[in-house]
Each structure stands twice: as C-alpha cells, then as structure tokens.
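Below: one structure, written as structure tokens.
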Amino acid sequence: MPSSAPVSSDAVNALNESERKRIEAKSALFAPPTPVTEDGRRELVGLSREELAEVLTEIGEKPFRAKQLWHWIYHQGVTDFSRMSTIARPLQAKLEKHFIVGRPSLTTQQTSKDDTRKFLFRFRDGQEAETVYIPDRREDRGAVCISSQVGCTLSCTFCHTGTQKLVRNLGAAEIVGQFMAARDSYGEWPSPKGDTPRLLSTIVLMGMGEPLYNYENVAKAMKIIMDGEGIALSRRRITLSTSGVVPMMDRCGDELGINLAISLHAVRNDLRDQLVPLNRKYPIEELMAACHRYPAASNSRRITFEYIMIRDVNDSDAEARELVRLIRGLPAKVNLIPFNPWPGSDFRPSTRERLASFAQIVMDAGYAAPIRMPRGKDILAACGQLKTQSERKRQAESRRNEA
Ligand code: SAH
Ligand code: SF4
C-alpha cells in the first residue's frame, strides 16, 4: 500500500488494540498492593458490587448483604460496622473480624486563603498522594481534584509532578478513598440525592499522574462513584484529563462516558514534542482524530482543551488562530491556564495582555475561553504544582526488605 493511502478505521482499531494491550501490561507492573490490613482484614472500599458479594459469600454470608453494605459505605459514609443499624449485632461483629471500611490517612491538610484545601494522604504502604478541593467562589459547590498515580511516567517540562518518577498506580480503594476522605473533611454525608446541591459537586481527574495509564483502577473507582445507590455522582460531573493517551481514549468514552479534558498546550508537533513528550508517540493529528471519535462529546458536553499559557513559548496570536483551526468542528471549550511556577522551573506565565489577546481570538471564533486564575497557589495546590516525597524503592532495597 502506498504510504499516502488513507488508513482504514479497521487498521486504526487494530493498531489501537495492540497499543492498548501494551499500555495495560505496563500498567500492571506498577500495580498497587492488595488492600488488606496488617492483621489480614480486607478493605471493602474499592470493591465492585460483584466483588463485595463474593467476599461476603466467602465468609458464609448471603450475597444480598452486599446491597445493604453498599448503602452504608457509599451512601451513609459510615466506616464503623457497629453504626450500621440495619445489620444485626452478631453480623456486625463478624464483618468487623474480617473486613475494614477504611480511608487513606491524612498526613497534612492545608487551607489556602482562597479556601482551596489541599490534602496529603498516606496509603497503607506509606506512599503518598495529594488531593485538592476547590470551592466555587459564588455558590456552595466545588471540584475535587483527584490523583490517579503516585508520580508520573511522563515528564511534561512545565509540570512539577512530572519531576517525580512514577512510584506506582493508585488502586480503586485509594482513588475512591481520596474523594470519601475529602468528603469526611466537610462532613458531607449521607450522599446528597438527585439534584440536591452538593459541596463536593464535581470530580476532576487532574491531580498527580496520567489517569489513562492506570485505566483499570480509575474506571473501577469511577463506576463506584457513579453508582446510583451510593455516592451517585453523575458521569456529567466527572472529567478525566489526559495528556493524550490516544489508544485509551476510546475505551474511556465507550465504557465510562465521562467528560474529557485534553492537555494540549501547543498547536504544532515540534513544540508539543518538547512540552508534552508523549506527543512523539501520539501526535496532534491522532489526538484530534480521537477527540472526534469520543462518544460523550456533544454540544452540551464539550471536550475541554487545557492550554497552559507560557510566556514567549506558546502564547502568540498566530498560535491562538491555529488552535481555533485545530478544534473546528468539535464541541469544545478552551481553558487558558497561566503557567503556575514551581521551584526549579524556568518558565514564566504569559502577561495579562497576551492572555487577553489569545482569549479574544478563541472567543471570536465562537468558543468559550475562560482564563483560569490559579487557586490555592499559596499552598502549592494549583494545577501542575502537586508533588510528594514518595519514591519508588530501589529494587535492591525492596529485595532486602522482602528477605
Ligand atoms: N496527566 C494528566 C492529568 C493531570 S492534569 C494530564 O496531564 O492531563 C494536570 C493539569 O495541570 C494538566 O492539564 C497539566 O497540563 C496542567 N499543568 C501541569 N503543570 C502545570 C503548571 N505548572 N501550570 C499550570 N498548569 C499545569
Ligand atoms: Fe504527568 Fe500530566 Fe504532569 Fe504531564 S502534565 S507530567 S502527564 S501529570
């Protein structure tokens, strides 16, 4: 076939399928530890409904108990079996013997002068990740920014997390646990039903890590959070941000139907190759094609293109015009994020004039282009500033510990 012939969609699918397998195999190398306490009790948070029924059967209980437990864990937010009042005392004691309903432990919590709250959570193996709650300035609602990995394999040059090597993936228990623990902090239990206002009203998978490199755990966690008899957060209120893991985008759209945000940051491959090195693997044309295929995108549910405004790097009017050309035909909005500095980075945010001029060009083309002023900057909680001290144990060290 001559190289200029169009690639058929079957060919794209086959290519994506083999890439997906490769990504999933790599992801498994960074799997989280099984969520079990030192005294052998099984963590119930993070199990699917089916798994919950299975572990109950294993201790000789009827699977229908899963529905009851689900309600107490995810609707009521109860962590203590003795407070599950619809369950008889002897069974409460038995559950307590075998299981635990836990939370990641809170290492530190800081609240910014703009009320943004950053949590540093520690998991059972001592690894840590950050979660941020960003309240709306005008209404009693807000977004919880959740981490999907400890560290990141990608090393986008503008991102603080990118300077921390990938330590491991977070498990479903740890991903759901971040949301539940943040909710504990605001006392928002039981889960508000239907359209009742919520303080923690949206989730953005925009914390540490690349969620599409930990798809299985992220997907499991989001299914738990979306379940109508528990936390019951609608898929319309969840946004996953990716630096552009093209082969996993289709899966995410088909299986979860949540909103998508793309960390674009550059409109030419030569520049994006430098800023977001994953672009060398999945260049802009492939990324945009995957956006066109994304099933959840419609006019009411637009794809968000995140664009960090870095002074004299990617912020010219010509680039704004090229951005408009790229997204044409897509239900899209553009978030312009002035670069947030962090210790050790040489980049600077764009000037006010540049931000305004760039935004105007995008808006004139009919797209929303809000300029996202940083929140929680005084506590290093703003986009791209998250980083923990966790490091991957060197192999020699972990062998020594296992011996
Ligand atoms: N890995 C995913 C999810 C993390 S989201 C992704 O990259 O999309 C984190 C968001 O913050 C991304 O849009 C990222 O590009 C942005 N970001 C990273 N460093 C930043 C910085 N220094 N200033 C502003 N935004 C930044
Ligand atoms: Fe990883 Fe996203 Fe940071 Fe890039 S921007 S290093 S993909 S967390």
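In each ligand, atom 1 is the first atom listed, and ligand 1 is the first ligand listed. One is the number of the first residue; the rest follow in order along the sequence. In this text the structure is predicted, and so the values were computed from the model without any measurement.
- Heavy-atom distances between Gly209 and ligand 1 reach below 4.0 Å in at least one pair.
- Under a 4.0 Å criterion applied to the non-hydrogen atoms of Gly162, ligand 2 contributes the atoms 6 (S).
- Taking only nitrogen or oxygen atoms, main chain and side chain alike, Phe158 reaches within less than 3.5 Å of ligand 1.
- Between His160 and Trp342, the ring-plane angle classifies as parallel under the 30° and 60° cut-offs.
- The heavy atom nearest to atom 4 (C) of ligand 1, out of those in Ser241, Pro338, Gly207, Ser263, is found in Gly207.
- The heavy atom nearest to atom 15 (O) of ligand 1, considering only Met206, Glu306, His265, is found in His265.
- Look at Glu319 and Arg354 and you find no salt bridge, because none of the NZ, NE, NH1 or NH2 atoms lies under 4.0 Å from a carboxylate O.
- Of all the atoms in ligand 1, the ones that sit under 4.0 Å from a non-hydrogen atom of Trp342 are 22 (N).
- Interface atoms of ligand 1 facing Thr242, defined by a heavy-atom separation under 4.0 Å, are 6 (C), 8 (O).
- Contact detail for Lys281 and Pro283: the closest heavy-atom pair is O-CD, 3.4 Å.
- Between Pro349 and ligand 1 there is no heavy-atom distance shorter than 4.0 Å.
- When the shell of 6.0 Å around CG of Asp39 is examined, it contains more than 12 heavy atoms from other residues, nucleotides or ligands.
- The residue Phe347 has no part lying near ligand 1, judged by heavy-atom distances below 4.0 Å.
- One finds no salt bridge joining Arg268 and Glu322 here, because no Lys/Arg side-chain nitrogen approaches an Asp/Glu carboxylate oxygen to under 4.0 Å.
- A salt bridge does not link Lys193 with Glu229: none of the charged nitrogens is closer than 4.0 Å to a carboxylate oxygen.
- Shortest contact from atom 1 (Fe) of ligand 2 to any protein heavy atom: Cys152 SG, 2.3 Å.
- Contact check on Lys21 versus Glu24 returns no salt bridge, with no Lys/Arg side-chain nitrogen under 4.0 Å from an Asp/Glu carboxylate oxygen.
- Taking a cutoff of 4.0 Å between a charged side-chain nitrogen and a carboxylate oxygen, Glu188 and Arg198 do not qualify as a salt bridge.
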### Task
Could you please spell out the steps behind the side chain to side chain contact (heavy atoms under 4.5 Å, CB included) verdict for Leu326 and Phe305?
CA-CA 11 Å; Leu326 273 181; Phe305 289 88; over 6 Å; no

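- Against a heavy-atom cut-off of under 4.0 Å, Gly209 is close to the following atoms of ligand 2: 8 (S).
- In this structure, atom 4 (Fe) of ligand 2 lies nearest to the protein heavy atom Cys156 SG, 2.3 Å.
- Checked for salt-bridge contact, Lys94 and Glu61 meet the test: a charged N lies under 4.0 Å from a carboxylate O.
- Put simply, Cys159 stays out of reach of atom 1 (Fe) of ligand 2, with no N, O or S atom under 2.8 Å from it.
- Close approach of ligand 2 to Ser243 is summarised as follows: ligand atoms under 4.0 Å from at least one heavy atom of the residue are 7 (S).
- Among the atoms of His160, none of the N or O lies under 3.5 angstrom from an N or O of ligand 1.
- Heavy-atom separations between Met208 and ligand 1 are all 4.0 Å or longer.
- In terms of heavy atoms, Phe123 sits closest to Glu128 at CE1-C, 4.2 Å.
- Here atom 23 (N) of ligand 1 lies nearest to Asn340 when heavy atoms of Ile337, Leu205, Asn340, Leu275 are compared.
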